[in-house]
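Here's the structure we're looking at; comments come further down.
Scope of the values below: all heavy atoms of this structure, side chains included, with no hydrogens, waters or symmetry mates. All figures in this text were calculated on a predicted structure; none of them were measured in a lab. Letters A, B, ... are given to chains in the order of the sequence lines, protein chains preceding strands, and every chain is numbered from 1.
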Amino acid sequence: MAFPTTSVLDSFTRADGALGANWGTPVTSGNPACKVATNQIAPNVDTGNSPYADGYWSAATFGPDSECYATVTSVANAARALYARVVNPGNASTLAGYDLQSSFGAVTTWGLYEITNNVETLMGATFTQTVSANDAIGIDCIGTTIAAHYKASGGSWTTLASRTNSAHSAAGNIGVSMQPGSGSANRMDDFAGGTISGGAAAVQQELMLLGVGS
Amino acid sequence: MAWFFAPYKRRDPRPGSPGRYCAMDDFTAQIIADGADPANPWAEIECLGNYAVVKVPSTTSAATLNAINAAPGFQRVPLARLDDPLSTLTAAQRNQVQNFIVNTLGYPLSELQADLGTDLSTHTLRDVIRFTLKRKLLPRYNQPTDTIVLDGPQVTPAPVETIDAQIS
């Protein structure tokens, strides 16, 4: 299935400040909230490396087949993550879902993670991808396939890696996490995502309605 | 190809987010250098005991396999295909596998013998791995001790055929 299938939810074209009513925080308990800065999404501060700031699209839940993607407008040698199928955001004991993230201290190393009870477990191997300004990254969850996607600025989407995992099959939130840079600006824009039409769950439902399969 | 039991190790993906990874990732670069697909160089299924059943591809060199096998906590089952019989292993090798399942993964010997009998030579690699994938316990984070604890609830892992199909 082609990636992506959904549209931009927020291009952050507004005054600097809080993310606004469509966003909830935190994803990970204790994290500060991302903010709007220069019509982009940003960590709460631009120095210090940690803690990461995050936020999730609270205006709706999506899925279970769902995707989340964004443009990395400023890399800042800082890490970032995108979430999908998140349930219980902000709960230190029951946070669950999936995320694609670059490694703290090694931002060209990426991993797909499964989150259960606020514990993040890497699925399979890490993989390498250098992200430059105005490249885009994305994650989608279709059935039990969780995949990472990348698009070079001006290029086409490619799949970096996919993993099979059945731990989380319910609809949930999508979101973002951003590491403060080392004195430089970590920024993303055009936060996008939603429910994937024609995904595995949708196909299964259609088959059931047609009286095919179980 | 080769099959290992690999431990999970603590590695927080970012400050404040407790995390773990399958220690086979410590060898990802070598496995890829040997010729594996960088997008999916090996595959795992978590089993009991904070361990994973891992399959590495046939492109993996003998030197890399030896390095993996020598790494702390790793246990190789020296058979290549799921239908390979354990009768081709020595008694000492079969005992090592059994002892690992009981002493490291944490399955009671009585349960293992109830399912597989007292002579593993009558079984295949598939039988043994399927046993190790009977259950796993979900993790939780103990903040006061900063530890990841695996004490339930119990869930059923994916079948071994899932990773067998992914890695060749």
Side-chain angles (χ1 to χ4, degrees), chain A residues 26-32 48-54 78-81 92-96 99-107 109-129 144 147-148 158-167 177-180, chain B residues 6 8-32 36-46 50 52 54-57 136-144 147-153 155-159 161-163 165-167:
Chain A
V27 177
T28 300
S29 175
N31 278 4
N49 286 321
S50 69
Y52 288 27
D54 62 27
R80 58 194 50 80
S93 298
T94 60
L95 172 68
D99 69 283
L100 163 68
Q101 66 178 296
S102 51
S103 298
F104 179 71
V107 297
T109 300
W110 294 81
L112 283 164
Y113 290 79
E114 175 270 313
I115 310 168
T116 293
N117 297 334
N118 201 30
V119 174
E120 301 206 31
T121 301
L122 176 68
M123 298 187 290
T126 49
F127 42 95
T128 301
Q129 179 61 55
T144 58
T158 60
T159 300
L160 295 177
S162 67
R163 303 288 181 254
T164 301
N165 187 279
S166 61
S177 175
M178 302 177 72
Q179 176 192 359
Chain B
Y8 281 90
K9 295 163 70 172
R10 178 74 183 266
R11 184 171 70 197
D12 296 350
R14 55 189 176 276
S17 294
R20 56 190 190 126
Y21 73 103
C22 176
M24 188 61 73
D25 197 42
D26 293 340
F27 298 94
T28 290
Q30 293 166 255
I31 294 171
I32 292 173
D37 177 3
N40 196 26
W42 49 269
E44 92 284 9
I45 301 173
E46 185 175 355
N50 203 27
V54 185
K55 185 179 182 184
V56 298
K136 66 175 183 180
L137 302 179
L138 294 181
R140 64 177 174 86
Y141 178 58
N142 185 320
Q143 189 169 16
T147 55
I148 295 173
V149 183
L150 288 99
D151 57 1
V155 297
T156 303
E161 288 77 11
T162 302
I163 58 174
Q166 292 179 26
I167 304 297

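- In this structure, the separation between OH on B:Y141 and OG on A:S29 is 11.0 Å, given to the nearest 0.5 Å.
- Contact annotation for B:Y8: only side-chain heavy atoms (C-beta onward) come within less than 4.5 Å of a heavy atom of chain A.
- Note that the CD1 atom of B:I45 and the CG atom of A:N165 stand 10.5 Å from one another [nearest 0.5 Å].
- In this structure A:T159 satisfies the side-chain hydrogen bond (donor to acceptor under 3.5 Å, both in side chains) test together with A:H149, sequence neighbours excluded.
- The distance from the OG atom of A:S93 to the CG atom of B:N142 is 10.0 Å, given to the nearest 0.5 Å.
- Here the closest heavy-atom approach between residue A:Y52 and residue B:P15 is recorded as CE1-CD, 3.7 Å.
- Taken from CD in B:E44 to CZ in A:R163, the straight-line distance is 8.0 Å, to the nearest 0.5 Å.
- With a threshold of 4.5 angstrom between heavy atoms, B:Q166 approaches chain A through side-chain atoms but not through N, CA, C or O.
- Put simply, of A:N49, A:L122, A:T94, the one with the most heavy-atom pairs under 4.5 Å next to chain B is A:L122.
- A:A125 approaches B:T28 most closely through the heavy-atom pair CB-OG1, 3.5 Å.
- Looking at A:A79, there are no atoms closer than 4.5 Å to chain B (heavy atoms on both sides), in backbone or side chain.
- For the atom pair A:T121 OG1 and B:I148 CD1, the distance stands at 7.0 Å (nearest 0.5 Å).
- The side-chain heavy atoms of A:F104 and B:P13, taken from C-beta on, include no pair separated by under 4.5 Å.
- Using a 4.5 Å cut-off between heavy atoms, A:S177 contacts chain B through its side chain alone, with no backbone atom that close.
- The candidate with the highest count of non-hydrogen atom pairs below 4.5 Å against chain A, out of B:Q143, B:M24, B:R140, B:E46, is B:R140.
- With a 4.5 angstrom heavy-atom cutoff, A:T28 touches chain B only via side-chain atoms.
- Chain B forms the most heavy-atom pairs under 4.5 Å with one residue out of A:V119, A:T116, A:N117, and that residue is A:V119.
- Distance check, rounded to the nearest 0.5 Å: CZ of B:R11 to OG1 of A:T126 gives 6.0 Å.
- With no hydrogens or angles considered, no side-chain donor-acceptor pair links B:R14 and A:Q179 at under 3.5 Å.
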